[in-house]
Amino acid sequence: MPELPEVETIKRDLQKVILGRKITKVCIYNPAVIRQPLPSAFKKHLKGLVVKTILRRGKLLILELSNGSALTVHLRMTGQLVLGQKPGNPGGSKASRVTFHLSGGRILDFNDQRLFGELRLVDDWRKIKFIQGLGPEPFDLTYSDFKDMFSKKKTKIKPLLMDQSFIAGIGNLYAAEILFCARVDPRRQARSLTEGEKQAIYRETKKVLKSAIAHGGSSIDDYVRLSGKPGDYRKFHRVYGRQGKPCFVCKGLIKKINQGGRGTYFCPKCQK
DNA sequence: AATGGGACCTGCGCGC
DNA sequence: TGCGCGCAGGTCCCAT
């Protein structure tokens with residue numbers, strides 16, 4: 001499932017391939033993923049615009065276009081952006097929902113099995129509600145700001161890490177990995193954490209995300225890179241999806257519990 | 001304020 | 001073989 005490292009990977013892949021290209025045609029196979037404006041207007045307004053800049057905020061991908069508007073892409077759980085092989089062939093994937101034809105013969109496919117993903121064409125991406133509700137980017141955050149955000153929070157540390165208004169970009173998978181590396185039990189109340197534990201979480205957040213980006217993200221379920229190839233970070237997962245398997249540190253068994261309707265993986269022995 | 005649940009979706013793996 | 005069920009989780013929204 002795409003979180004910050006996966007979206008960042010796609011952003012970097014896209015920068016190499018589609019910057020400066022013109023959108024020549026948009027084919028919509030399932031209008032449900034176009035959230036704004038109506039599909040017909042989406043298609044019409046995009047045609048002829050050039051991709052000027054590619055950004056990421058949290059898990060949202062932003063393509064700034066030549067007239068100042070922006071195409072935003074949220075992959076949610078099963079969304080993919082992949083380079084199409086054959087022009088005019090929507091059958092690259094049965095989940096192909098929208099195809100962008102670009103100058104130079106490039107094809108960009110938006111696939112999304114579950115139709116949770118969102119494409120928007122907006123005048124000013126800074127004004128969209130989702131952006132305005134986002135907390136700081138993990139890599140921009142200083143320790144003193146991070147610490148302050150913690151102190152009042154009664155909530156459990158794992159749901160807090162996943163709260164996008166707290167920090168942008170961390171989802172279920174990386175929250176679990178970060179807490180394992182920081183040796184903190186995901187059920188701990190945020191405000192109960194010691195100075196040392198907060199420092200560890202702060203440090204491991206950056207470290208884990210950085211390493212995941214360096215390995216092209218985690219291919220779990222549907223996530224693939226722009227090329228269609230998987231990311232390699234999965235081999236480095238210490239707890240996510242490893243319930244019943246031995247902890248790499250203490251050899252005890254990794255446990256899976258339910259927290260807020262989400263699977264939480266951790267090592268009860270290493271994480272206190 | 002925090003928490004829990006449902007809604008949105010569909011493929012998959014399970015038990016029978 | 002095939003059915004029905006629960007599960008997967010990002011975000012929004014409502015209720016308690």
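So you know, we letter chains A, B, ... as the sequences are listed, proteins then strands, and number each from 1.
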Could you spell out the base pairing of DNA chain C in dot-bracket, with Watson-Crick or G-U pairs whose two distances are under 3.5 Å, [ ] crossing and | to another strand?
-> .|||||||.|||||||
Taking the six-membered ring where the residue is Trp, are the ring centres of A/Phe130 and A/His74 under 6.0 Å apart?
-> yes
Selected nucleotide, minimal atom distance to [X] side chain, candidates [options]:
{"X": "A/Thr155", "options": "C/dT11, C/dA8, B/dA2", "answer": "B/dA2"}
{"X": "A/Lys256", "options": "C/dG9, C/dA8, B/dT10", "answer": "C/dA8"}
{"X": "A/Lys153", "options": "C/dG10, B/dA2, B/dT10", "answer": "B/dA2"}
{"X": "A/Arg262", "options": "C/dC13, B/dC9, C/dG10", "answer": "C/dG10"}

Lys/Arg cation over aromatic A/Phe248: A/Arg242, 6.0 Å, 45° cone | yes
Scan A/Gly263 against the nucleic acid and name what it touches under 4.0 Å (heavy atoms): base, sugar-phosphate only, or nothing.
-> sugar-phosphate
Looking at every strand, decide which applies to A/Glu3 at a 4.0 Å heavy-atom threshold: base, sugar-phosphate, or nothing.
-> sugar-phosphate
If the threshold is 4.0 Å, N to carboxylate O, is there a salt bridge linking [X] and [Y]?
{"X": "A/Lys59", "Y": "A/Glu3", "value": "no"}
{"X": "A/Glu204", "Y": "A/Arg183", "value": "no"}
{"X": "A/Arg56", "Y": "A/Glu8", "value": "yes"}

Can you check the distance between [N] and [M], where both ends of the measurement are the [atom1] atom (answer in whole Å)?
{"N": "B/dA1", "M": "C/dT11", "atom1": "P", "answer": "22 Å"}
{"N": "C/dG6", "M": "B/dG5", "atom1": "P", "answer": "15 Å"}
{"N": "C/dC5", "M": "B/dG6", "atom1": "P", "answer": "16 Å"}

For the side chain of A/Glu177 and the backbone of A/Arg238, is there at least one donor-acceptor N/O pair under 3.5 Å apart?
-> yes
Ignoring hydrogens and angles, are the base of C/dA8 and the side chain of A/Arg114 linked by a donor-acceptor pair under 3.5 Å?
-> yes
Side chain to side chain donor-acceptor pair (under 3.5 Å) assessment of A/Tyr174 paired with A/Glu6 = CA-CA 11 Å; A/Tyr174 291 104; A/Glu6 290 73 32; 2.6 Å; yes
Give a yes/no verdict on base stacking between C/dT11 and A/Phe116: centres under 5.5 Å, planes within less than 30° of parallel.
-> no
